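Here the structure is a predicted model, which is why all the values come from computation and not from measurement. Residue indices begin at 1 and follow the sequence shown.
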Amino acid sequence: MITQNTALFTIFGATGDLAHRKLYPSLFRLYKKGFIKDNFAVIGTARRDWSDEHFREVVLDSIKDLIEDKEDAVSFAAHFYYIAHNVNDSEHYVKLKVLSESLDAKYSLSGNRIFYLAMSPEFFGIIAEKLKEQKLITEDGFNRLIIEKPFGRDFESADALNTKLRKSFDENQIFRIDHYLGKEMVQNISAVRFSNMIFESLWNNKYIDNVQITLSETVGVEERGAYYDNNGALRDMVQNHILQIVALLVMEPPLSLQGEDVRSEKIKALRSLRLYKTPEEVNRNFIRAQYAGNPAKALQAYREEPNVDPASSTETFVAGKILVDNFRWKGVPFYIRTGKQMASKETYIHIQFKHVSMNIFPTEGVDEIAEPNVLTIHVSPLEGFSLRLNAKRVGQGTEMKNIRMHHIYDEETQANSPEAYERLLLDCLNGDPTNFSHWDEVAQSWHFVDEIRKVWDAQEDCTDTLFAYESHSMGPKESDALLEQDGFSWTEFNWSQSYKEKQENE
Ligand code: NAP
C-alpha cells in the first residue's frame with residue numbers, strides 16, 4: 001500500500017550535478033508512484049541567481065526521459081521553489097526560514113523537514129549550525145539531515161564533522177548516504193543469506209574458502225581530478241561502499257530487518273575486521289596502483305590528467321585482503337579490489353565455496369574439470385545471482401562441465417526497479433535508517449582505512465609500493481599476486497559479457 005508523505009525538502013546545492021542527475025529524477029519517480037503528491041514542496045538553494053521559473057525548467061529538463069504526461073510533470077515542478085543563498089551568510093537563512101514557513105502553510109507540511117546537503121563537505125558543518133541558530137529546525141514535525149559522501153577524510157576529520165552536526169541534529173536525525181546501500185542487489189544480500197537454508201547453513205569458514213568483491217569502473221577521474229587527487233580509491237571507495245558490503249556479508253543474522261537490529265550487527269562485523277598496523281602487514285595485505293594510460297586506446301595516464309599533480313602518489317586502484325577475526329570467519333580472506341580505468345564497469349561479489357574433499361572426476365586430458373562452487377551476486381549493471389556448479393558432460397565417460405544457474409533480473413524489471421537515490425529518499429521520508437551509515441559504522445571504517453593510509457603516507461619513496469596498471473585492464477599483476485600467495489586467483493569469469501551474448505543469440 002502506498003502512503004503519501006508530507007515534507008518540505010530543502011536542497012543545498014540545487015544547481016549542482018548530483019541534484020540534476022539524481023535528486024530531481026528520484027523525487028519525480030516518487031511522485032509518479034504516489035509516495036509524494038500534494039503535501040510536499042522543494043526549496044532549491046545555491047548561489048546562482050535563478051528564478052522559480054528557471055528552476056522549474058531545470059527540473060523539467062532533468063526528468064525529461066521519465067515524463068509520460070506533460071501536465072503531470074508540470075504539476076510536479078510547480079512544487080519547486082528557488083532561493084539564492086550563500087550557505088556562509090546568516091542573513092540568507094532568515095529568508096529561507098520565511099519561505100519555508102510559507103510553504104509549510106501552503107502545502108500543509110506539518111513542520112516536516114528534510115535538509116539535503118548536496119554540496120561539498122566543507123559546508124556540512126556550517127549549514128547544520130546555521131539551521132539550528134536561525135531556527136529552521138521545527139519543533140512540531142520531523143527534521144532530518146541527509147549528508148552526501150565523503151564523510152571526512154580520516155577518523156579525526158569525520159569525528160570533528162560529526163561533533164559539529166550533533167550540535168544541531170541527533171544521530172537518529174542524520175542520514176548519511178552511501179548510495180551502494182540503496183542498490184537492489186546490495187539490499188538483496190541479506191535476503192539471499194538469511195532466507196535460503198542452503199546458503200545460511202554454509203555461510204562460515206567451514207564451507208567458504210574466500211570471498212571476492214570487485215567494484216570496477218572504466219572511466220578515469222575525468223573533471224574530478226582535483227578532488228580525486230586529494231582522496232584516492234581507498235578513501236573514495238573502500239572506506240564506504242566496500243566496507244559496507246563486507247559488513248553485510250560478514251554480519252550475524254540480525255534479530256529483525258529493523259534499522260537498529262541490522263545496524264548493531266553491522267557495527268559488530270566492522271569491529272571484527274583485523275586492523276593492519278605495521279608497514280609489513282599493510283604491504284602484505286593491501287596494494288595500490290595508478291592507471292598508466294593506454295596509447296592504443298588514446299587513454300591518458302593518471303598523472304597526465306587535468307588538475308592532477310604530475311608527481312602524484314594518489315592511488316586509482318586498490319586491492320586488499322581483509323581478515324575477519326571472529327568465530328564464524330576466522331581464516332577466510334575477503335579479497336577486495338576497486339579502481340578507475342579498468343576493463344569493465346561492474347560490481348559483483350563471488351562467494352567461493354571449498355571444494356569437495358576428494359575429486360574423483362578426471363583432471364587430465366579433459367577440457368573442464370570439477371571446480372569449486374561459486375555463488376556470484378551481481379550488483380550492477382546486471383542484477384541477480386548465479387551459481388557455478390559441476391555436472392557431467394553429455395556423452396560417454398565422466399568428463400565434467402562447469403555450469404551456471406542464474407537468476408538475472410530482465411531489463412524491464414531492472415528498468416522498473418527503484419533507483420538507489422529513490423529508495424533512500426523514501427527511506428528517509430519514512431524515518432528508516434537501515435540503509436544509511438550510522439556514525440559508529442563510519443568511525444570504525446575510518447579506523448580500518450586510516451591504518452593503511454598512515455603506512456602509505458609515511459612512504460616518501462613509493463617506487464616499490466605504488467604500482468602501475470595498463471588502462472582498461474583488471475589492475476596490476478601485484479593484485480593477482482595478492483591472491484596467488486594464498487593459493488587463490490581472481491575469478492575473472494565475465495558473466496555480464498557472456499550473459500549479454502547469450503541473450504543476443506537467443
Ligand atoms: P557540484 O556539481 O559541484 O555542486 C555543488 C553545489 O554547491 C552547486 O549547486 C553550487 O552552486 C553550490 N555551492 C557551492 N558553494 C556554495 C555556497 N557557498 N553557498 C551555496 N551554494 C554553494 O557538486 P555535486 O557533484 O553535485 O556533488 C555534491 C555532493 O555530492 C558532494 O559532496 C559530492 O561528493 C557528493 N556526490 C556527488 C555525486 C555525483 O554524482 N555528482 C555522487 C556521489 C556523491 P552555486 O555555484 O550556484 O553556488
Side-chain angles (χ1 to χ4, degrees), residues 16-18 20-22 119-122 148-150 152-154 157 179-180 213-242 279 282-283 286-320 335-347 380-381 449-450 452-482 490 492 494 496-497:
D17 174 67
L18 181 75
H20 193 266
R21 281 194 313 111
K22 298 289 180 189
M119 293 189 59
S120 163
E122 68 187 282
E148 267 299 332
K149 79 164 198 183
R153 62 189 314 279
D154 50 22
S157 56
H179 69 274
Y180 270 75
I213 302 170
T214 299
L215 272 72
S216 59
E217 294 180 272
T218 46
V219 293
V221 292
E222 301 187 313
E223 68 287 348
R224 290 172 74 226
Y227 162 79
Y228 197 86
D229 207 34
N230 201 23
N231 287 283
L234 188 69
R235 287 194 176 103
D236 199 42
M237 301 297 281
V238 178
Q239 183 272 332
N240 36 53
H241 313 316
I242 290 190
V282 168
N283 293 335
F286 266 79
I287 66 115
R288 55 180 168 152
Q290 283 178 340
Y291 54 84
N294 186 336
K297 295 183 180 166
L299 294 169
Q300 278 182 317
Y302 174 64
R303 290 180 183 182
E304 294 162 2
E305 296 277 21
N307 303 319
V308 168
D309 177 357
S312 171
S313 58
T314 301
E315 74 288 350
T316 62
F317 175 95
V318 176
Y335 299 106
I336 58 121
R337 63 180 169 176
T338 181
K340 296 212 168 277
Q341 276 200 8
M342 289 177 67
S344 59
K345 177 174 168 49
E346 235 175 327
T347 299
S380 71
V449 158
D450 282 354
I452 299 166
R453 209 50 275 170
K454 238 186 277 168
V455 170
W456 285 353
D457 290 345
Q459 291 167 349
E460 271 176 33
D461 175 11
C462 49
T463 9
D464 293 338
T465 58
L466 176 64
F467 306 107
Y469 60 101
E470 193 183 321
S471 297
H472 288 184
S473 72
M474 285 310 278
K477 62 181 187 324
E478 288 77 9
S479 157
D480 300 332
L482 192 70
W490 290 108
E492 294 291 10
N494 191 335
S496 307
Q497 187 56 31

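Between Met342 and Thr218 the shortest side-chain heavy-atom distance does not fall below 4.5 Å. Looking only at side-chain heavy atoms (C-beta outward), Tyr180 and Leu215 come within less than 4.5 Å of each other. Looking only at side-chain heavy atoms (C-beta outward), Val308 and Tyr228 stay at 4.5 Å or farther from each other. Between Phe286 and Ile336 there is a side-chain heavy-atom pair separated by less than 4.5 Å. Counting heavy atoms from C-beta on, the side chains of Val282 and Trp456 come closer than 4.5 Å. Residues Pro150 and Asn240 form no side-chain contact, since every pair of their non-hydrogen atoms from C-beta on lies 4.5 Å or further apart. Residues Ile242 and Thr338 meet the side-chain proximity criterion, which asks for heavy atoms closer than 4.5 Å. Side-chain contact between Arg153 and Arg235 is present, with heavy atoms from C-beta onward closer than 4.5 Å.
With hydrogens and angles disregarded, no donor-acceptor distance shorter than 3.5 Å links the side chain of Asp229 to the backbone of Gly225.
Across Val318 and Ala233, no two heavy atoms sit closer than the pair CG2-CB, 3.7 Å. Taking all atoms of both residues into account, the shortest heavy-atom contact from Pro381 to Lys345 is CD-O, 3.3 Å. Smallest separation of non-hydrogen atoms from Met474 and Ala343: SD-CB, 3.7 Å. Closest of all the heavy-atom pairs between Pro476 and Ala468 is CB-O, 3.5 Å.
With values rounded to the nearest 0.5 angstrom, Arg224 atom CZ is found 8.5 Å from Asn231 atom CG. Here the OG1 atom belonging to Thr347 is positioned 10.5 Å from the CD1 atom belonging to Ile213, to the nearest 0.5 angstrom. Residue Glu315 holds its CD atom at 8.0 Å from CG of Leu466, rounded to the nearest 0.5 Å.
Side chain to side chain, Ser216 and Thr214 fail the donor-acceptor criterion of an N or O pair below 3.5 Å. A donor-acceptor contact closer than 3.5 angstrom links the side chains of Thr316 and Tyr469.
Residues meeting the side-chain hydrogen bond (donor to acceptor under 3.5 Å, both in side chains) test with Thr465, sequence neighbours left out: Arg288, Gln459.
Each of Lys340, Arg303, Gln341 was evaluated against Gln290; a single residue qualifies, Arg303, per the side chain to side chain donor-acceptor pair (under 3.5 Å) test.
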Go through the steps to decide whether Phe317 and Tyr291 satisfy the test ring pair (Phe, Tyr, Trp, His ring centres under 6.0 Å), and finish with yes or no. CA-CA 8 Å; Phe317 175 95; Tyr291 54 84; over 10 Å; no
From CA spacing to verdict: salt bridge (charged side-chain N to carboxylate O under 4.0 Å, His left out), Lys149, Asp236: CA-CA 9 Å; Lys149 79 164 198 183; Asp236 199 42; 3.5 Å; yes
